[in-house]
Structure formats: structure tokens, C-alpha cells
Amino acid sequence: MGSPFFSAEEQRVFDAKLSEILAHYPADRKSAAMLPALRLLQEMKGWLSPDGMRLVAKALEVPPERAYEVATFYVMFHTHKPGKHVVDVCTNLSCSLRGAEDLLAYLEAKLGLRAGTSNEKWTLRETECLASCGTAPCLQVDEVHHEGLTRGRVDALFDKLS
Ligand code: FES
């Protein structure tokens, strides 16, 4: 049966996939499955709403705050509804030395929003090192990596998505 949060089909899929995840953990350590369980929820719903985090916490038999703590610690989790495309721009040292701030400002102007905000189409965020320091500056769009960026490469990439 569905819930106010999931349709009946979504609930069936969530339960089945969560069971697969939990099979990898000791029965008395369900809370250790928090990361994959939140990941599953985000894959299904696109983000982690308060109701969704409560549902995961209940399934893992932990207080809701535990799901919230984990979800807000990791940048890959969205605790607010994101735009259609999520753009993460690295502004750590190597990227910064190779013009990341200029690239970020260029993107803000191009996409029409400030870093740390979203609209229906885009979520634009600054992020920590993406482990591509040797080919800085870099960013990810929907978790796909792009490196060695210039304004021209940014134009080519984002004009395809627009
Ligand atoms: S500093 Fe940007 S990838 Fe490492």
C-alpha cells in the first residue's frame, strides 16, 4: 500500500530496493545503511524532503535527526528541491589558482543565478575539491565531470543544455 509520500508502486520499489541494501548489513546495524538508503530516496524523488528523511529514518530504526544530520553533511544530497541540472563548481586551491572564481562569476551571469541558489532549470553550487586538480579548473553537471575549462568550453557545454 502507498503512503502520502509514495504511490503504491513507488513504495513497492523503495521497499524492494531498501531490502536489497539492508541485506548487506547486520540486522542489528540498519543505521549503517543510511548513505545508500538516502541515495535511493534521492534517486527516486530527486531530493530529500523532510518527509522523505523521516521515512528513511523510520525504516532504519533511528531518530529522524540522524537522517537529517547525514543528509546535510554530504554535498551530494539535496535537502532542497534542486533545478533540473545541478552544477558543482570547484573553487578549492588548484581550481582557484587557475581562475575558478572568474569562471563561477561567468556562470552566475550566464545562468542568471547566484552560487548557492536554484531556479527551475539550474542549481549552482560551489564545491570542495573534485579530485581533478591537475586539470583545473573543473566542474560537474549532474555528476558528470568536466575539466580544463575556459569560458569557451563553458559556453559549449551549457549552450547544449540550454
Ligand atoms: S582543487 Fe579543484 S579539483 Fe582539486
Side-chain angles (χ1 to χ4, degrees), residues 13-14 17-18 20-22 24-25 29-57 59-60 62 64-162:
V13 170
F14 180 80
K17 290 190 172 179
L18 185 61
E20 285 173 23
I21 290 168
L22 288 174
H24 297 282
Y25 297 85
R29 295 280 191 276
K30 285 184 178 178
S31 65
M34 182 62 78
L35 285 174
L38 289 174
R39 181 85 187 181
L40 169 61
L41 179 67
Q42 184 163 285
E43 282 170 7
M44 291 183 66
K45 288 293 195 178
W47 67 296
L48 303 177
S49 66
D51 283 347
M53 286 187 270
R54 272 192 286 277
L55 187 141
V56 166
L60 301 185
V62 296
E65 303 80 48
R66 187 72 193 119
Y68 182 79
E69 287 168 358
V70 174
T72 54
F73 182 80
Y74 292 98
V75 70
M76 75 271 203
F77 290 127
H78 303 296
T79 53
H80 295 90
K81 193 170 184 179
K84 183 176 172 202
H85 299 292
V86 176
V87 183
D88 289 312
V89 181
C90 175
T91 53
N92 261 196
L93 185 59
S94 297
C95 286
S96 182
L97 290 171
R98 295 193 45 94
E101 279 81 7
D102 175 64
L103 213 55
L104 181 61
Y106 184 67
L107 261 177
E108 287 179 326
K110 186 175 183 69
L111 303 181
L113 76 171
R114 302 292 309 265
T117 66
S118 297
N119 59 25
E120 270 196 22
K121 180 139 195 187
W122 306 103
T123 290
L124 180 61
R125 310 185 298 185
E126 281 188 68
T127 191
E128 300 300 326
C129 181
L130 292 171
S132 186
C133 308
T135 53
C138 61
L139 58 73
Q140 291 184 339
V141 181
D142 301 330
E143 301 185 1
V144 177
H145 196 76
H146 302 274
E147 58 196 11
L149 295 171
T150 60
R151 286 186 177 199
R153 287 185 178 167
V154 164
D155 283 343
L157 174 62
F158 284 83
D159 291 350
K160 263 192 280 177
L161 294 169
S162 293

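Whatever order the structure lists ligands and atoms in, that order sets their numbers, starting from 1. Residue numbers count from 1 along this sequence.
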Colleague: Suppose I only count heavy atoms of Cys129 and a 4.0 Å limit; which atoms of ligand 1 are within that range?
Modeller: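 Counting atoms of ligand 1 from 1, those under 4.0 Å from Cys129 are 1 (S), 3 (S), 4 (Fe).
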Colleague: Relative to the heavy atoms of Ala131, which atoms of ligand 1 are at a distance of less than 4.0 Å?
Modeller: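 Taking each heavy atom of Ala131 in turn, ligand 1 has 3 (S) under 4.0 Å.
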Colleague: Is the shortest side-chain N to carboxylate O distance from Glu69 to Arg66 below 4.0 Å?
Modeller: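 Yes, this pair counts.
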Colleague: Which angle, to the nearest 10 degrees, do you find at atom 2 (Fe) of ligand 1 between SG in Cys95 and SG in Cys90?
Modeller: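 Taking atom 2 (Fe) of ligand 1 as the apex, the two atoms subtend 100°.
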Colleague: Return the minimal non-hydrogen interatomic distance between Gly83 and Val86, and the atom names on each side.
Modeller: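 Nearest pair, atom of Gly83 first, then Val86: O-CG2, 4.3 Å.
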Colleague: Enumerate the residue pairs fulfilling side chain to side chain donor-acceptor pair (under 3.5 Å) with a member in residues 30-40, sequence neighbours excluded, ordered by first and then second residue.
Modeller: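 Only Lys30-Glu61, Arg39-Glu143 qualify under side chain to side chain donor-acceptor pair (under 3.5 Å).
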Colleague: Check whether Glu108 reaches the backbone of Ala115 with its side chain - one donor and one acceptor, N or O, closer than 3.5 Å.
Modeller: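 Yes, Glu108 side chain to Ala115 backbone: donor-acceptor pair under 3.5 Å.
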Colleague: Please could you name the atoms of ligand 1 that Ser94 approaches to less than 4.0 Å, counting only its heavy atoms?
Modeller: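 With Ser94 as reference, the close atoms of ligand 1 come out as 1 (S).
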Colleague: Within less than 2.8 Å of atom 4 (Fe) of ligand 1, any N, O or S from Cys138?
Modeller: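 No N, O or S atom of Cys138 is closer than 2.8 Å to atom 4 (Fe) of ligand 1, so no.
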Colleague: Do you know the tightest heavy-atom contact between Leu60 and Ala37?
Modeller: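 Here Leu60 and Ala37 meet closest at CD1-CB, 4.0 Å.
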